[in-house]
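Report on the following structure.
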Amino acid sequence: MEMYTTLFNKLTSSCFQKCASRKHKEAELHLGEMSCLDRCVSKYMDAQEKVGKVLQVANEKQASQQQSMQQMQQTMGSN
C-alpha cells in the first residue's frame with residue numbers, strides 16, 4: 001500500500017507542477033490544464049509500467065543465476 005501512496009504522491013506533484021497554471025486563482029482547471037494533466041498521468045503510468053517490467057526481468061535473471069550457483073555449489077560439494 002505504501003508503494004501506491006508514494007507513486008500517487010510523486011505523480012501528483014510532478015504533473016501538478018508541470019501542468020497547473022500558477023497565474024490563475026480559480027478553483028476549476030482550464031481545458032488546457034486538464035489535457036496536460038491527462039497526458040502527464042498517462043505518460044507517467046506508462047513509464048512506471050515499463051520500468052516495472054524491466055525490473056521484473058532483471059529480478060528473474062538474478063534469481064535464475066542464484067539458483068544455478070546454488071546447484072553448482074551443491075554438485076561440487078557432493079563430489
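When the side chain to side chain donor-acceptor pair (under 3.5 Å) test is applied to Lys61, no partner is found at least two apart in sequence or on another chain. For Glu28, there are no side-chain contact (heavy atoms from CB on, under 4.5 Å) partners two or more places apart in sequence or in a different chain. Checked against salt bridge (Lys or Arg N to Asp or Glu O under 4.0 Å), Glu2 has no partners two or more places apart in sequence or in another chain. Scanning for side chain to side chain donor-acceptor pair (under 3.5 Å) contacts around Gln70 gives an empty result, with sequence neighbours left out. For Glu60, the side chain to side chain donor-acceptor pair (under 3.5 Å) partners two or more places apart in sequence, or in a different chain, are Gln56.
Applying the side-chain hydrogen bond (donor to acceptor under 3.5 Å, both in side chains) test to every pair with at least one member in residues 3-12, sequence neighbours left out, gives no pairs at all.
Considering SG of Cys36 and NE2 of His30, their distance stands at 13.0 Å, rounded to 0.5 Å.
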Cys40 vs Cys15, disulfide (SG to SG under 2.5 Å): CA-CA, chis, key distance, verdict: CA-CA 6 Å; Cys40 182; Cys15 291; 2.0 Å; yes
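Cluster partners of Leu31, by chain and number: Leu29, Met34, Leu37. The rule joins Ile, Leu, Val, Met, Phe, Trp and Tyr whenever side-chain heavy atoms lie under 4.5 Å apart. Grouped with Leu7 in one hydrophobic cluster are Leu11, Val41, Tyr44, Met45, the linkage being side-chain heavy-atom contacts under 4.5 Å among Ile, Leu, Val, Met, Phe, Trp and Tyr residues. Other residues sharing a hydrophobic cluster with Met72 under the 4.5 Å side-chain heavy-atom criterion for ILVMFWY residues are Met69.
The shortest non-hydrogen separation linking Ala20 to Glu33 is C-OE2, 3.7 Å.
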Name the atoms and distances for all side-chain donor-acceptor pairs under 3.5 Å in residues 46-53, with sequence neighbours left out.
{"unit_1": "Glu49", "atom_1": "OE2", "unit_2": "Lys53", "atom_2": "NZ", "d": "3.4"}

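Between the side chain of Ser68 and the main chain of Ser64, a donor-acceptor pair closer than 3.5 Å is present.
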